[in-house]
Trainee: 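Dumping the structure here so I can ask a few things about it.
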Amino acid sequence: MAAALFSPALQATAIFPSTWYESKRSSPSKLAGSILSKGRRKDLESLRVSVATEPRVTVPWQSVETEGDGDGKLAAWTSIRRERWEGELVVEGEIPLWLNGTYIRNGPGLWNIEDYNFRHLFDGYATIVRLHFDHGRLFFGHRQIQSEAYKAAMKNKRVCYREFSEVPRPDSFLSYVGELASLFSGASLTDNANTGVIKLADGRVVCLTETIKGSIQIDPHTLETIGKFEYTDDLGGLIHSAHPIVTETEFLTLLPDLVRPGYTVARMEPGTNERKVIGRVNCRGGPAPGWVHSFPVTEHYVVVPEMPLRYCAQNLLRAEPTPLYKFEWHPESGSYVHVMCKASGKVVASVEVPHYVTFHFINAYEERDEEGRVTSIIADCCEHNADTTILDKLRLQNLRSFSGQDVLPDARVGRFRIPLDGSPVGELEAALDPDEHGRGMDMCSINQAYLGKKYRYAYACGAQRPCNFPNTLTKIDLVKKKAKNWHDEGGVPSEPFFVARPGATVEDDGVAISMVSAKNGEGYALVLDGSTFEEIARAKFPYGLPYGLHGCWIPKNAS
Ligand SMILES: CC(=O)/C=C/C=C(C)/C=C/C1=C(C)CCCC1(C)C
Ligand SMILES: CC(/C=C/C=O)=C\C=C\C=O
Ligand SMILES: [Fe+2]
């Protein structure tokens with residue numbers, strides 16, 4: 001029946017590597033029972049019609065199996081079960097009719113090559129997931145990014161490039177690349193773009209990680225890998241911030257300089273691949289720049305963080321991971337925050353601050369006096385209480401072995417106040433009592449209309465303890481210093497991504513989209529109301545998905 005809707009050629013586009021899971025075929029009616037058993041029911045006929053009307057379906061829904069019933073294991077830390085899948089989901093609740101467009105999320109979804117298991121969350125090969133919202137209906141798909149690192153691993157059945165903590169064995173690298181020297185050069189770094197995904201103002205959608213070569217353009221409709229996103233400038237370097245700032249007018253990035261410790265701030269215009277230097281900041285301390293996974297901007301300034309968790313050139317090319325991977329903790333070197341004027345490239349402030357550890361800045365803005373002069377910069381981040389152990393907690397072995405004991409280190413919304421009056425020191429304090437969000441804090445988003453401006457709300461993952469990983473969604477009110485938390489016992493939700501309602505004039509008028517790796521191996525897409533933070537819709541996936549990191553929103557007709 002339903003299979004007849006698809007030509008054999010179309011069915012053949014499904015890729016099911018038998019080594020990843022055991023293929024168990026089920027009949028369409030059994031399938032329909034398993035997917036449709038809970039929640040709002042649709043009959044088989046309407047499901048078939050809806051899949052058939054989605055123009056880009058490549059895998060027949062018949063191939064969905066009964067995994068949706070769960071295999072008992074939390075899907076979050078389990079490799080993706082198939083290379084790709086696409087189809088319509090049954091929605092429980094109501095998706096707002098204004099929510100039209102595509103949410104794409106990237107993340108490290110494949111942590112093994114056959115029997116060889118990776119060590120760290122950040123090592124996995126990139127899995128992109130697509131939620132396409134169309135007038136209340138929801139289409140879902142996922143696919144592996146065809147990076148050189150992924151393709152080489154699949155072909156040679158071993159790690160061929162340096163990942164976050166995985167390193168190719170010299171003998172396998174030799175047989176793959178043929179030149180031992182390049183194992184100890186930038187050429188051995190991965191292009192596994194597994195961290196985030198951005199939509200440039202010109203419509204191109206690019207997946208990113210911290211290696212510059214790991215910038216890969218994808219088609220947001222088919223999730224196909226289009227090819228490398230290559231920079232045409234000669235800025236060089238090997239690594240950059242995984243989170244550029246992207247607006248309708250520009251793309252701002254930070255490039256750490258490991259040779260002459262410092263950072264280059266660069267800007268790229270829409271429609272080009274050429275980054276132009278805005279300015280440079282020299283490091284104040286340490287043998288190398290601090291790790292810069294993300295950075296914030298205000299309307300007129302770029303904020304450049306310099307953490308005492310610093311890159312380590314030797315560790316980048318070492319064979320075995322060290323406790324802090326490619327980084328080193330240098331408390332004696334001091335912690336700093338620099339502020340660069342976007343227009344002139346001049347560093348207008350450089351202050352020492354208490355030690356901090358952060359992956360993600362939330363937002364920043366300018367504070368002004370009565371005459372309208374900027375007196376200070378406020379910059380907020382997900383701050384891990386200056387404790388580097390969070391990196392180790394993200395080892396897969398730790399994530400997979402939750403025994404009920406509370407092991408997630410405390411985190412908070414760290415608020416920097418950076419005076420612009422020449423004072424040498426800045427402040428860092430919790431913006432609200434961390435108990436409001438269970439002392440877990442990471443994976444944040446805001447209403448993008450408030451980027452660089454005074455804002456009130458942040459959406460993030462918090463904690464309901466005991467836990468070993470952030471397991472709640474939390475809406476933070478920075479004015480009332482309160483949080484509202486959402487939790488599904490045993491589940492792990494990904495970053496709540498805020499999408500504003502078109503035409504909204506109130507900051508929290510919109511929705512927060514997340515994907516939950518639920519207990520029992522299940523998973524679902526979740527839509528929360530941005531204002532009440534109550535659930536308004538969910539849609540079960542055919543099977544639970546691995547944890548994902550960051551996403552972006554592509555409004556309908558934007559590409
Ligand atoms: C917080 C987070 O998501 C970090 C991800 C970091 C990644 C994927 C870092 C990758 C790196 C490599 C793949 C090789 C070179 C060093 C380094 C930048 C750590
Ligand atoms: C998932 C994570 C930290 C969680 C700790 O609380 C960090 C992810 C960083 C990736 O971009
Ligand atoms: Fe990140």
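Nothing fancy with the numbering, it's 1 onward along the sequence. Both counts, for ligands and for their atoms, begin at 1 and track the order of listing.
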Trainee: Which heavy atom of the protein is the closest neighbour of atom 9 (C) of ligand 2, given with residue, atom name and distance?
Mentor: H360 CE1, 3.2 Å
Trainee: Look at atom 5 (C) of ligand 2 and say which protein heavy atom is nearest, naming residue and atom and giving the distance to 0.1 Å.
Mentor: I390 CD1, 3.5 Å
Trainee: Would you say the rings of Y325 and H120 are close, in the sense that their centroids are separated by under 6.0 Å?
Mentor: yes
Trainee: Using the ring-ring contact (aromatic ring centres under 6.0 Å, His included) rule, take F497 and Y459 through it: C-alpha gap first, then chi angles, then the decisive distance, then the call.
Mentor: CA-CA 7 Å; F497 186 89; Y459 299 85; over 10 Å; no
Trainee: Considering only protein heavy atoms, which is closest to atom 1 (C) of ligand 1, and at what distance to one decimal place?
Mentor: F122 CZ, 3.2 Å
Trainee: Where is the nearest protein heavy atom to atom 19 (C) of ligand 1: which residue, which atom, and how far?
Mentor: K326 CG, 3.5 Å
Trainee: Decide, yes or no, whether a salt bridge links E383 with R412 under the criterion of side-chain N to carboxylate O below 4.0 Å.
Mentor: yes
Trainee: Check this for me - ligand 2, Y547, N or O atoms closer than 3.5 angstrom, yes or no?
Mentor: no
Trainee: For atom 6 (O) of ligand 2, which protein heavy atom lies nearest, and how many Å away is it?
Mentor: P470 CG, 3.2 Å
Trainee: For K393 and ligand 2, answer yes if some heavy atom of the residue is under 4.0 Å from a ligand atom, otherwise no.
Mentor: no
Trainee: With a 4.0 Å cut-off, would you call E83 and R143 a salt bridge?
Mentor: no
Trainee: Can you tell me the protein heavy atom closest to atom 2 (C) of ligand 1 and the distance?
Mentor: H293 CE1, 3.1 Å
Trainee: Using a 4.0 Å heavy-atom threshold (strictly under), name the region of L316 that reaches ligand 1: side chain, backbone, both or neither.
Mentor: side chain
Trainee: Which of the numbered atoms in ligand 2 are under 4.0 angstrom from any heavy atom belonging to H384?
Mentor: 5 (C), 6 (O)
Trainee: Does some non-hydrogen atom of F327 fall short of 4.0 Å from ligand 1?
Mentor: yes
Trainee: Quick one: do the N398 and R400 side chains pair a donor with an acceptor below 3.5 Å?
Mentor: no
Trainee: H360 and H550: aromatic ring centres closer than 6.0 Å?
Mentor: yes
Trainee: Would you say the ring centers of H240 and Y263 fall short of 6.0 Å from each other?
Mentor: no
Trainee: Could you list the atoms of ligand 2 found under 4.0 angstrom from a heavy atom of F359?
Mentor: 3 (C), 7 (C)
Trainee: Centre of Y311's six-membered ring, under 6.0 Å away, within 45 degrees of the axis: is that where NZ or CZ of K326 sits?
Mentor: no
Trainee: Have a look at H243 and say which of its N, O or S atoms is nearest the Fe ion (ligand 3).
Mentor: NE2
Trainee: Between Y356 and H384, is the gap from one ring center to the other below 6.0 Å?
Mentor: no
Trainee: Answer whether the closest heavy-atom distance between the side chains of L324 and W329 falls below 4.5 Å.
Mentor: yes
Trainee: Using 30° and 60° as the class limits, which term best fits the ring planes of W291 and H293: parallel, tilted or perpendicular?
Mentor: perpendicular
Trainee: Between F469 and F402, is the gap from one ring center to the other below 6.0 Å?
Mentor: no
Trainee: Could you tell me whether D508 and R456 make a salt bridge, using a distance below 4.0 angstrom between a side-chain N and a carboxylate O?
Mentor: no
Trainee: Report, in ascending order of atom number, the atoms of ligand 1 lying under 4.0 Å from any heavy atom of F359.
Mentor: 1 (C)
Trainee: Among protein heavy atoms, which lies nearest atom 11 (O) of ligand 2, and at what distance?
Mentor: H550 NE2, 2.7 Å
Trainee: Does N192 approach ligand 1 within less than 4.0 angstrom via side chain, backbone, both or neither, non-hydrogen atoms only?
Mentor: neither
Trainee: Write out the residue and atom name of the closest protein heavy atom to atom 9 (C) of ligand 1, then the distance separating them to 0.1 Å.
Mentor: F164 CD1, 3.5 Å
Trainee: How far is atom 13 (C) of ligand 1 from the closest protein heavy atom, and which atom is that?
Mentor: T190 CG2, 3.4 Å
Trainee: How far is atom 8 (C) of ligand 1 from the closest protein heavy atom, and which atom is that?
Mentor: T209 OG1, 3.2 Å
Trainee: I need the nearest protein heavy-atom contact for atom 1 (C) of ligand 2: residue, atom name and distance, please.
Mentor: F469 CZ, 3.6 Å
Trainee: For atom 12 (C) of ligand 1, grab the closest protein heavy atom and report residue, atom and distance to one decimal in Å.
Mentor: T211 CG2, 3.9 Å
Trainee: Distance under 4.0 Å to a non-hydrogen atom of T195: what atoms of ligand 1 satisfy this?
Mentor: 3 (O), 8 (C)
Trainee: For H293, counting its heavy atoms only, list the atoms of ligand 2 lying under 4.0 Å from any of them.
Mentor: 10 (C), 11 (O)
Trainee: I'd like to know if the side chain of T211 and the backbone of T190 have a donor-acceptor N/O pair within less than 3.5 Å.
Mentor: yes
Trainee: Between NE2 of H360 and NE2 of H550, what angle is found at the Fe ion (ligand 3), rounded to 10 degrees?
Mentor: 90°
Trainee: Give me the residue, atom name and distance of the protein heavy atom closest to atom 18 (C) of ligand 1.
Mentor: E210 OE1, 3.4 Å
Trainee: Can we say K519 and E522 salt-bridge, meaning some charged N sits less than 4.0 Å from an Asp/Glu carboxylate O?
Mentor: no
Trainee: Which atoms of ligand 1 have any heavy atom of E163 under 4.0 Å away?
Mentor: 13 (C)
Trainee: Taking atom types as modelled and ignoring hydrogens, do the side chains of N273 and T232 form a donor-acceptor contact shorter than 3.5 angstrom?
Mentor: no
Trainee: Run the numbers for me: atoms of ligand 1, each under 4.0 Å from some heavy atom of L189, listed by number.
Mentor: 14 (C), 15 (C)
